[in-house]
Every structure is written in C-alpha cells, then in structure tokens.
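Below, chains carry the letters A, B, ... as their sequence lines are ordered, and counting in each starts from 1.
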2 protein chains.
Amino acid sequence: MGLSKTEQFTEEEILIARFAKALGHPARIAILRVLLERKACICGDIVDELPLSQSTVSQHLKELKEAGLIQGDIDGKKVCYCINEQVWKQAQETLGVLFQSYTACGSSCC
Amino acid sequence: MGLSKTEQFTEEEILIARFAKALGHPARIAILRVLLERKACICGDIVDELPLSQSTVSQHLKELKEAGLIQGDIDGKKVCYCINEQVWKQAQETLGVLFQSYTACGSSCC
DNA sequence: ATTATTAATCGCAATTTTACGATAATAAAA
DNA sequence: TTTTATTATCGTAAAATTGCGATTAATAAT
C-alpha cells in the first residue's frame, strides 16, 4: 500500500528509523558533511556544493529539518543551516546503542 | 524523477546512505532487534514477532540482506538469519565517524 | 519604487517503497 | 509419493520519494 503501519512498532523503533531514514540518501549525507565541515554554519552555499538543483536541495534540507537533525535560522535574505546539537546527539546515542547491542555470537550462527 | 543521481556523490556517502536507508524503517529495526536479542540466530519466527504478513517481512529481510547487514543460511526447510558481523561493524564504523565528526560549534551558529 | 537575490513551495513526472494475497519452490514428514 | 511446512517471489495497488522548472515570498540593494 505504501504507508507504514507505524503504530505497530515501539516509539524507539520509530525514532531510530526516522533518524536513519533522514540519513538514507547520499545528498543528505553530503549536506550534513558540508554542515559538519564548516564549523560555522552555512546557508545556501550548500546548493553550490551539491550536484542538484536549488529546489531539490531545499527539499532535502526540509527532510533533515523535519527529522530534527538540522535547524535553519533566517538571517536577512539568507538562511543559516546547522546541525541541531541536541537531536544530533540523540541520534548518535540511539543508533549507537543499537549497533553496540551486537555481541558476536561466538561460534556459529549461520 | 524518483532515482538518485547516485553517481554524483562519493563512494562513502553512498555507502553510508545505503546502510542508513536499510535502517530507515521501523519494521527493519524491529527485525534487527530480534536478531540482536537472541544471540543464536533465528529463522522465520521473526514473522511471528512482527505485525506484518509473511511476504512483507520476507521483503524487509531481503533489503537488510542486500545492504549486507544480515545474512541468511538455509537449514533444512527453514532459513536462519543473523547479523553479518563484518558489515555490521562497518556500518557502525562509518556512521559512527559521521556522528563523531560533529564538534559543537561553541558559540552561536544559528 | 523598482530590481535583484535568496530560499521555499507548487505542480508534475518517473521511480521506489510498502504491503498484501496468491503462487511457486524447496525440503521435511507422513 | 503425497502432504505439510517454510520461505521466496510475483503481481498488484497505494503512497512516498526524488528531482526539476516555474512560481512565490521576503528581504536587500539600487
């Protein structure tokens, strides 16, 4: 059908998936890299850094913003985007916990 | 158009995005949790644990498998799935590096 | 006041994802 | 050998994603 039966899963599963989904496109990783690289946060020079149109980049920014990973503040006629520290760390934490919960199964699974 | 201009991005950006995308659905997080929980790896009892049909779960398993995060070995008429240690750690590493590359921008970005 | 610059949004098209039932395919059990 | 259990795959439908050009909105510059 196309839409997830989101209700059926735990809050944490949904949260982790939401963060991961936001990271699930090369363009958005590239955007985040630009934002991470320049400590001072940047505006729409991001567009110049990416091989995509302005509208497409804007849409990717929107998705990152909706996941909470970044925020954008208006500064004159430009908009300044940057990592949202709190949410970034939350994503780091929740995904980190998931990854760390793996303990090599010693012998022979599969 | 629907498909990413994947070629335009770096290998690493594509790799990270691929891992993240595989994690980008609550059902797949739930599946991984089942796999992580039971150290010994499990087969299609996963289906029983999820609020989705057999075919849907099978498809999610396929996507996790294609991303390399899990593997499935045939055991009689059952199939035993488990985390792929190597790839799991690679995903942990690459995503970890991304998250850690954030250094709080001290003063006032945005 | 008019003109440029910047960024968001709208509308559209192609593709992908999500989901399911039904159908294969495979192997164990009877 | 026929039946049963397990899992993958096919076909289909709805919805979401990706992408772009064109338009709008808002601010700065002239």
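Looking at residues two or more places apart in sequence or on another chain, you find no side-chain hydrogen bond (donor to acceptor under 3.5 Å, both in side chains) involving Ser101(A). Legend: residues meeting side-chain hydrogen bond (donor to acceptor under 3.5 Å, both in side chains) with Lys89(A), ordered by chain and number and at least two apart, are Glu85(A). With sequence neighbours excluded, the residues that form a side-chain contact (heavy atoms from CB on, under 4.5 Å) with Val87(A) are Phe19(A), Leu69(A), Asn84(A), Gln90(A). With sequence neighbours excluded, the residues forming a salt bridge (Lys or Arg N to Asp or Glu O under 4.0 Å) with Arg33(B) are Glu12(A), Glu13(A), listed by chain and number. Applying the salt bridge (Lys or Arg N to Asp or Glu O under 4.0 Å) rule to Glu49(B) yields the partners Arg38(B); only residues at least two apart in sequence or on another chain are considered.
The residue Glu63(A) sits close only to the backbone: its heavy atoms come under 4.0 Å of sugar-phosphate atoms, none of a base.
Side-chain contact between Leu23(B) and Phe99(A): present, with at least one pair of heavy atoms (C-beta onward) separated by less than 4.5 Å.
Distance, Lys21(B) NZ to dT15(C) P: 14 Å, rounded to whole Å. The interatomic distance linking Gln59(B) (CD) with dT17(C) (P) rounds to 10 Å, in whole Å. dA28(C) atom P lies 11 Å from atom CD1 of Ile74(B), rounded to whole Å. Distance CG (Leu50(B)) to C1' (dT18(C)): 14 Å, rounded to an integer number of Å. The nearest whole Å value for the distance from the CD1 atom in Ile29(A) to the C1' atom in dT18(D) is 16 Å. Per the geometry, NZ belonging to Lys62(B) stands 13 Å off C1' belonging to dT17(C), to the nearest Å. Spacing between atom CG of Asp48(B) and atom C1' of dT7(D) amounts to 13 Å, rounded to whole angstrom units. Here dT27(D) presents its P atom at 12 Å from CG of Asp75(A), a figure rounded to the nearest Å.
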> For nucleotides 2-7 of chain C, read 5' to 3', which letter fits each nucleotide if B means a protein heavy atom sits under 4.0 Å from the base, S means only the sugar-phosphate is that close, and - means neither?
Replying inline: ---BSB
>> Go through it in stages, so that I can follow the logic: the residues are Gln71(B) and Asp73(B), the test is side chain to side chain contact (heavy atoms under 4.5 Å, CB included), and I'd like the CA-CA distance, side-chain angles, deciding distance and then a yes or no.
In response: CA-CA 7 Å; Gln71(B) 65 190 81; Asp73(B) 290 351; 4.1 Å; yes
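For His60(A), no side-chain nitrogen or oxygen approaches OP1 or OP2 of dT17(D) to under 4.0 Å. The phosphate of dC20(C) (OP1 or OP2) has a side-chain N or O of Ser53(B) nearer than 4.0 angstrom.
Between the base of dG21(C) and the side chain of Ser55(B) there is a donor-acceptor pair shorter than 3.5 Å.
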